[in-house]
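The structure appears right after this line, and notes come after that.
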Amino acid sequence: MSDSKNLQPVRGTHDLLPEAARVQRHVVHTLQTVTKNYGYQEIATPMFEFTEVFARTLGETSDVVSKEMYSFSDRGGESLTLRPEGTAGVARSVISNKLYDFLPLKYWYTGAMFRYERPQKGRQRQFHQVGVEFLGVSTPLADAETIALGWHFLQQLQLEGNLRLEINSLGDEASRTVYRTALVAYLERYKTSLSADSQERLLRNPLRILDSKDAGDQEIITGAPSLKDSMSDEATAYFAAVQEYLSLINIPVVVNSRLVRGLDYYSHTAFEIISDGLGAQATVLAGGRYDGLIEMMGGKPTAGIGWAAGIERLALLLPPLEALPRPVAVIAMADAQEQYAFTVVQNLRGQGIMAELITSGNVAKKFKKANKINALYAVLLGEEEAATGRLTVKNLDSGEQQKIAIEEIKKGLSL
RNA sequence: GCGGGCGUAGCUCAGUUGGUUAGAGCGCGAGAUUGUGGUUCUUGAGGUCGGGGGUUCGAGACCCCUCGCUCGCCCCA
C-alpha cells in the first residue's frame with residue numbers, strides 16, 4: 001500500500017459492496033412499499049444546493065451549518081453545499097416548482113447526505129437517508145399519521161432489539177421564544193457551573209442544554225422552568241391530541257420533555273425513535289413539524305411535518321436477508337458442446353430462468369464451479385442431449401437426475 | 001473539535017524480555033488416468049507487518065509524526 005493514501009476511500013466514506021448494497025436497497029424498497037399505502041410519491045432533489053438553502057433553514061448557529069457542511073465554490077464563484085439533510089431541498093423544490101398550489105403533498109425520498117463529522121459506528125461523512133415530508137396540513141392527525149408511518153416502516157423492517165418512540169412538543173414559535181428567554185434567565189445564574197459545552201450552547205442553542213448528558217448539567221436542569229409552562233393553550237391541546245391519536249392505534253409513546261432537535265426549523269411536535277441495539281448513535285429515525293420553514297425560505301406559508309432515518313443505522317439492526325435465488329448451471333460435457341451450451345443458457349435466460357454457463361475445466365471442475373455459485377440445478381449437455389434436445393438436469397442437493405425437453409424446463413423444475 | 005483503544009496474507013488471528021528466509025486456520029489456484037460435484041489427500045500463490053521518519057549492530061515489536069477504524073464526548077440519522 002505504498003500509495004495507500006490515494007487508494008483509500010475518503011475518511012467517512014464507504015464502498016457499497018453487493019451485500020451491503022442489497023441491504024440498502026431492501027430498506028429503500030420497504031419504505032417505498034409502506035409509503036404507497038399512505039399516499040406518498042417519490043421526489044428526488046439535487047445532491048447540492050446553494051449554500052444559503054441550508055444555512056438559512058437549519059440555522060446559522062446550528063452545528064450542522066457552522067461546522068459540518070461540505071461547502072465549496074464552483075467555477076462560477078457560487079457557494080454550493082453538498083446536502084447535509086433532505087428537508088431543505090424538498091422545501092426549496094416546493095417553492096421553485098410552486099407546488100404549494102397543489103397541497104397537500106406527500107413525498108418520500110432517499111439519497112446520500114454529507115456531513116463533516118468525526119466518523120464512528122453509525123456515523124459517516126457520506127451516509128444515506130430515507131425520509132418523508134407531508135406538506136400542507138397542520139393538524140394533530142397529520143402528526144400522528146406521519147409518526148405512525150415511521151413506526152410502521154420500522155416494524156416492517158423487523159429490526160433486532162427494542163425501539164422506543166420519544167415525543168415532545170416545542171410549542172408554537174411564540175411559546176418557544178417566551179420559554180427560551182425564561183430558560184436563559186434561569187441558566188445564567190448557574191452559568192459557571194455548567195459544562196463547557198453547555199456554556200457554549202447557552203449562546204447558540206440554549207434549548208439543547210436540556211438534552212445534555214453531563215451529570216452536573218442535568219442537576220441544574222432539574223430546577224429549570226419547564227417548556228410546558230410557557231406553552232400556549234393551543235399548543236398544549238395540539239400536543240395532547242397528537243398523543244391521543246397515537247394511543248388510538250396502539251403506538252407506544254414516551255413523552256420526553258427534554259427532547260430538543262438541533263435544527264432551527266422545528267416547532268410543535270418533535271420525535272425520535274431510538275434503538276437499544278446501537279452505541280452512542282442510537283437515534284434511528286427522527287423528525288418533527290416545521291410549519292414556518294417554507295415561508296422562511298420565501299414561499300407561501302405552508303405547514304409541514306416529516307422525518308428521516310439513517311439507512312446505515314437501520315442496516316446495523318436488520319436481520320439477515322432472505323437467501324438469494326439459486327441459479328441453474330449449464331455444463332458442456334465436452335468441447336464439442338460448448339457452442340450448443342451457449343445457446344441453451346440464452347434460451348433459459350429468455351424463459352426467465354437465472355442461468356449461468358460454466359466454462360473451462362474438466363467436468364469435475366465444472367461441477368465444483370456450479371457448487372461455488374450455489375446452483376440448485378446443473379443442466380448437462382453431451383452428444384446425446386445435443387442430438388435429442390432432451391437435457392439432463394441434475395438436482396445438486398439431492399443428486400437426482402432427469403431428462404427434460406428444453407421448453408419444459410421451467411415447468412418441470414418449478415423455477 | 002476533545003479523550004481512550006486498535007491497525008500483521010482476501011478473512012479471523014498467532015508472533016516469547018527487539019535477533020537470522022514472518023506463521024496458522026479459512027478462502028483462493030493446480031493436481032489425485034479425461035460424462036458427474038459438495039468429503040479427503042497432495043501441492044502452489046499471496047504480506048515492503050497501514051504509511052513516513054527515528055533509536056539500535058539489528059525493529060512487526062521501542063519513540064515521534066501521519067492515515068484509517070473503533071469506543072466515549074460532541075453532534076445527529
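Reminder, nothing fancy here: chain letters follow the sequence lines and each chain counts from 1.
Using a distance-only test at 3.5 Å, with no hydrogens or angles considered, no donor-acceptor pair links the side chain of A/Arg115 to the main chain of A/Arg125.
Around CD of A/Glu219, the count of heavy atoms belonging to other residues, nucleotides or ligands within 6.0 Å does not exceed 12.
For the pair A/Asp211 CG and B/C75 P, the computed distance is 8 Å after rounding to whole Å. If you measure from atom CD1 of A/Ile274 to atom P of B/A77, you get 12 Å, rounded to the nearest angstrom.
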Polar atoms only, N or O, under 3.5 Å: list the protein pairs with nucleotides 1-6 of chain B and their distances.
residue: B/C2; atom: N4; partner: A/Arg118; partner atom: NH1; Å: 2.7
residue: B/G3; atom: O6; partner: A/Arg118; partner atom: NH2; Å: 3.2

Please enumerate all protein N or O atoms sitting under 3.5 Å from an N or O of nucleotides 8-13 of chain B, with distances to 0.1 Å.
none

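Note on ring orientation: taking the six-membered ring where Trp is involved, the planes of A/His152 and A/Tyr38 are perpendicular (angle over 60°, cut-offs 30° and 60°).
Proximity of A/Lys365 to the phosphate of B/A30: a side-chain N or O atom is located under 4.0 Å from OP1 or OP2.
Nucleotide B/U36 is matched to nothing when pairs are restricted to Watson-Crick or G-U wobble geometry with both distances under 3.5 angstrom. With a cut-off of 3.5 Å on both pairing distances, the Watson-Crick or G-U wobble partner of B/A24 is B/U12. In this entry B/C6 has B/G68 as its Watson-Crick or G-U wobble partner, both defining distances falling under 3.5 Å.
For A/Arg201 against B/C75, no side-chain N or O and base N or O form a donor-acceptor pair under 3.5 Å.
Spacing of P atoms, B/U43 relative to B/C6, comes out at 39 Å, to the nearest Å.
Exactly one residue among A/Lys365, A/Lys368, A/Lys372, A/Lys366 makes a side-chain contact (heavy atoms from CB on, under 4.5 Å) with A/Ile358. That residue is A/Lys366.
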Going 5' to 3' through nucleotides 34-46 of chain B, assign each nucleotide B (protein heavy atom under 4.0 Å from a base atom), S (under 4.0 Å only from sugar-phosphate atoms) or - (no protein heavy atom that close).
-BBBB--------
